[in-house]
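Here is the structure we will look at.
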Amino acid sequence: QEAALTAAREIKDEHHGIVGECRTSLASLQSILDAKERIAAQLHSVQQQRREDDRQELKSQLQQGLESVQKRVSELEAGFSNEQGVRTEAVQQVDVHCSRLGAALERAQAAWLKDAEQIRSLCPKPG
């Protein structure tokens with residue numbers, strides 16, 4: 001009987017040891033799971049930060065591109081405005097020159113008609 005009691009105690013002690021080891025293993029597993037959740041949360045946070053950084057970088061690049069295009073448009077508009085001014089001035093100069101040429105032609109024609117009339121008056125009429 002005593003041998004049975006000793007065996008039962010050994011089994012009980014061994015059982016308590018196994019239960020203790022299981023509790024320790026479960027606690028370790030729980031720590032591992034908690035660490036895994038923290039790492040997953042950190043990874044998610046890092047991924048979100050990376051996406052936000054990428055968005056900010058893209059936004060910055062787009063803003064720089066927009067500013068560059070706006071600057072170029074302003075330069076082109078200024079060049080166009082300057083060219084329009086030069087063209088308008090050239091057209092005005094051509095108009096003035098054409099007016100002078102027209103007036104000179106009219107004077108030359110009037111002088112030619114006058115000279116032609118004088119020549120006709122000097123020439124005897126046939127007949």
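Here, residue 1 is the first one in the sequence, and each next residue gets the next number.
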Is Glu117 salt-bridged to Lys114, cutoff N-O under 4.0 Å?
no

With rounding to the nearest 0.5 angstrom, report the CD to OG1 distance, Gln93 to Thr88.
11.0 Å

Using distance only, find each side-chain donor-acceptor pair of residues 46-54 under 3.5 Å and give its atom names and separation, not counting sequence neighbours.
| residue | atom | partner | partner atom | Å |
| --- | --- | --- | --- | --- |
| Gln48 | NE2 | His44 | NE2 | 3.4 |
| Gln49 | NE2 | Asp53 | OD1 | 2.8 |
| Glu52 | OE1 | Arg55 | NE | 3.4 |
| Glu52 | OE1 | Arg55 | NH2 | 3.4 |
| Glu52 | OE2 | Gln56 | NE2 | 3.0 |

Contacts satisfying salt bridge (charged side-chain N to carboxylate O under 4.0 Å, His left out) that involve residues 64-76 (not counting sequence neighbours) are Arg72-Glu75

Would you call Arg87 and Gln84 a side-chain contact if the rule is heavy atoms closer than 4.5 Å?
yes

Quick note, side chain to side chain donor-acceptor pair (under 3.5 Å) partners involving residues 5-23, not counting sequence neighbours, are none

Would you mind listing every side chain to side chain donor-acceptor pair (under 3.5 Å) that reaches into residues 32-43, with sequence neighbours excluded?
Gln30-Asp34

Residues forming a side-chain hydrogen bond (donor to acceptor under 3.5 Å, both in side chains) with Glu2, sequence neighbours excluded:
none

Donor-acceptor contact present, side-chain Ser121 to main-chain Gln118, <3.5 Å
yes

Just jot down the side-chain contact (heavy atoms from CB on, under 4.5 Å) partners of Glu106, sequence neighbours excluded, or say none.
none

